[in-house]
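In each ligand, atom 1 is the first atom listed, and ligand 1 is the first ligand listed.
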Amino acid sequence: MQSLTVKKSGALKGEIAVPSDKSITHRAMIIGSVANGTSEVKGYLPSEDCLNTLKAMRCMGVDITDKGGLLTIKGGGLYGLKEPGDVIDVGNSGTSIRLLMGLLAPQRFFSVITGDPSIRRRPMMRVVGPLRIMGAQINGRNGGDFAPISISGRRLSRINYAMPVASAQVKSALLLAGLYADGKGQITEPIRSRDHTERMLSFFGAKIDVSGSFVSIEGHGVLSGQKVEVPGDISSAAFFIVAATIIDGSEILIKSVGINPTRNGLLDILREMGADVRLENERLISGEPVSDIYVRSSRLKGIEIKGDIIPRVIDEIPILSVAAAMADGETVIRDAGELRVKETDRISTMVTELRRIGVSLEEMSDGLRIAGGRPMFGATCSSHGDHRVAMSLAIAGLAAGGETTVEDTECINTSFPGFKETLRSLVDTHGLTRGY
Ligand code: S3P
């Protein structure tokens, strides 16, 4: 098992780039595969999760080549996919399995999709239920809630659906299925989740309308191949934004990060806590807002985080809880029960692991209460196989006294290949003692 050992660090200084956006990469691979003609994806993310989506599209006959980070996808149109000859295995990737279920349900073939033990524990009924309402024939363990999932492709009818939870994966699966359905589908979310699928479908020519948390899509759409450039992932930048904020004397610049308003809740929250985070060189790339992010260390204060902002920061709550541990006063995070069905139960894993390094925090059914400002001390802790937990603990280790070892760090490659090297480029040489 790999591990990463970090020591208390001096100031972080320098300019970095973070890996490309995971959510956008998945969507470019999937949408490009069912568009008519060739698409190019510049700077895609070659992490394990995204490579699993790539493998899935290839095993359905799509011709995809990579030349120096430029992906060329020869899309065969909505019905250009071929029946996969084997089970599709998405590994650890929730985005792959849920989006692909929406794509596979209306195909004219049979498929089976599964993933690693974490994926096989995560709820799929949130996608299977509404797809069944559209006429899909889908089965799986526990009545269809758990993978492996089998799908006998069917003609689908349009959906008019109010989603019970804000989930971009569910919404995206329904939009992809809606592309093939008869009529105009309508989906409403309780709170708006990330909108990369809406933006990309529109960029590829689908007839899609968005108004607040309401989205409609015209069935039997035609997509045309496009050139997509993928910005840096704000969820990966988050680890360094927090690191530079909590480590005294730090000053860093992170180049070309996606700042989509449905994803940038961390920036608003950190600013409210007192952080010095500034956007420079804001621009639009392939329909997505992008910026350089400048961060200088600052003293933080605890705040209450709840309600509509939660979907905009959902993947950053593990690293936000590290920021809260370093803040003066108490931070309370509520309405975040979705954390319990991520790669791990992130409420319980963060509580268990941050306690090992001396953080005082309380677990609540839908969030965390963190008493900030107490000294953290080095310890051995575990990622539980969750990439975001692993990286959050490594950053906590930079601020804790002594030496911190994070065990089980192979999972970092699911979203952030090169994390250790990026960290090493910013910390002084005492910061990182042993690699994973
Ligand atoms: C994602 C959506 C979110 C997020 C996940 C990526 C996506 O999941 O947590 O890491 O790319 O659509 P939910 O849709 O379950 O909220």
Side-chain angles (χ1 to χ4, degrees), residues 19-31 44-45 47-50 52-53 90-103 115 118-119 121-130 145 147 161 163-177 187 189-201 213 215 230-231 233-239 258 260 262-266 288 308-320 335-347 349-350 366 386-392 411-412 414-416:
S20 299
D21 192 282
K22 182 155 83 72
S23 292
I24 297 175
T25 298
H26 283 298
R27 284 151 173 88
M29 289 171 173
I30 294 173
I31 294 171
Y44 77 99
L45 174 68
S47 75
E48 281 171 11
D49 272 12
C50 297
N52 281 321
T53 292
V90 300
N92 191 243
S93 177
T95 306
S96 309
I97 193 166
R98 295 206 176 107
L99 269 59
L100 287 175
M101 281 197 284
L103 185 77
S118 155
I119 279 292
R121 282 191 298 270
R122 294 181 67 186
M124 298 299 147
M125 192 53 80
R126 49 182 60 199
V127 178
V128 170
D145 198 18
Y161 187 65
M163 290 168 43
V165 285
S167 160
Q169 292 174 353
V170 176
K171 175 176 60 177
S172 303
L174 299 181
L175 290 173
L176 290 169
I187 304 158
E189 291 189 274
I191 304 171
R192 193 169 185 204
S193 65
R194 67 189 67 189
D195 66 355
H196 303 300
T197 304
E198 295 90 308
R199 286 175 190 256
M200 196 170 292
L201 281 173
S213 52
V215 191
V230 186
D233 197 323
I234 192 162
S235 298
S236 297
F239 301 105
N260 180 312
T262 60
R263 293 280 302 280
N264 65 4
L266 179 78
E288 289 278 351
D308 287 8
I309 199 158
I310 294 296
R312 294 176 51 219
V313 67
I314 192 72
D315 288 345
E316 289 68 72
I317 291 178
I319 187 63
L320 187 57
D335 302 323
E338 273 295 295
L339 290 175
R340 295 207 179 269
V341 290
K342 296 295 178 191
E343 284 81 334
T344 58
D345 174 342
R346 286 183 175 157
I347 296 179
T349 44
M350 287 310 292
D366 66 342
D386 184 329
H387 55 133
R388 301 206 196 280
V389 172
M391 291 182 273
S392 300
C411 55
I412 289 174
T414 63
S415 66
F416 201 148

Does even one non-hydrogen atom of His196 get within less than 4.0 Å of ligand 1?
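Under 4.0 Å: no for His196.
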
Nearest protein heavy-atom contact for [atom]: which residue, which atom, what distance?
atom: atom 1 (C) of ligand 1; value: Gln169 NE2, 3.6 Å
atom: atom 8 (O) of ligand 1; value: Lys342 NZ, 3.1 Å
atom: atom 12 (O) of ligand 1; value: Arg27 NH2, 2.6 Å
atom: atom 11 (O) of ligand 1; value: Ser23 OG, 2.7 Å
atom: atom 10 (O) of ligand 1; value: Asp315 OD2, 2.7 Å

Who passes side-chain contact (heavy atoms from CB on, under 4.5 Å) against Asn52, sequence neighbours left out?
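Per chain and number, Asn52 pairs via side-chain contact (heavy atoms from CB on, under 4.5 Å) with Lys55.
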
Heavy-atom pairs closer than 4.0 Å: do any link ligand 1 to the side chain of Arg194, the backbone, both, or neither?
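Contact part for Arg194 vs ligand 1: side chain (C-beta onward).
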
Would you say the side-chain atoms of [X] and [Y] include a donor-acceptor pair closer than 3.5 Å?
X: Lys22; Y: Ser235; answer: no
X: Ser47; Y: Ser415; answer: no
X: Thr414; Y: His387; answer: yes

Nearest candidate to atom 14 (O) of ligand 1, where distance is taken over non-hydrogen atoms, out of Ser93, Ala166, Ser167:
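Closest candidate by heavy-atom distance is Ser167.
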
Give the C-alpha distance, both sets of side-chain angles, the deciding distance and a yes or no for side-chain hydrogen bond (donor to acceptor under 3.5 Å, both in side chains) between Gln169 and Thr95.
CA-CA 6 Å; Gln169 292 174 353; Thr95 306; 2.9 Å; yes

So, do Arg388 and Ile319 sit near enough that their side-chain heavy atoms are less than 4.5 Å apart?
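No. Closest side-chain heavy atoms not under 4.5 Å.
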
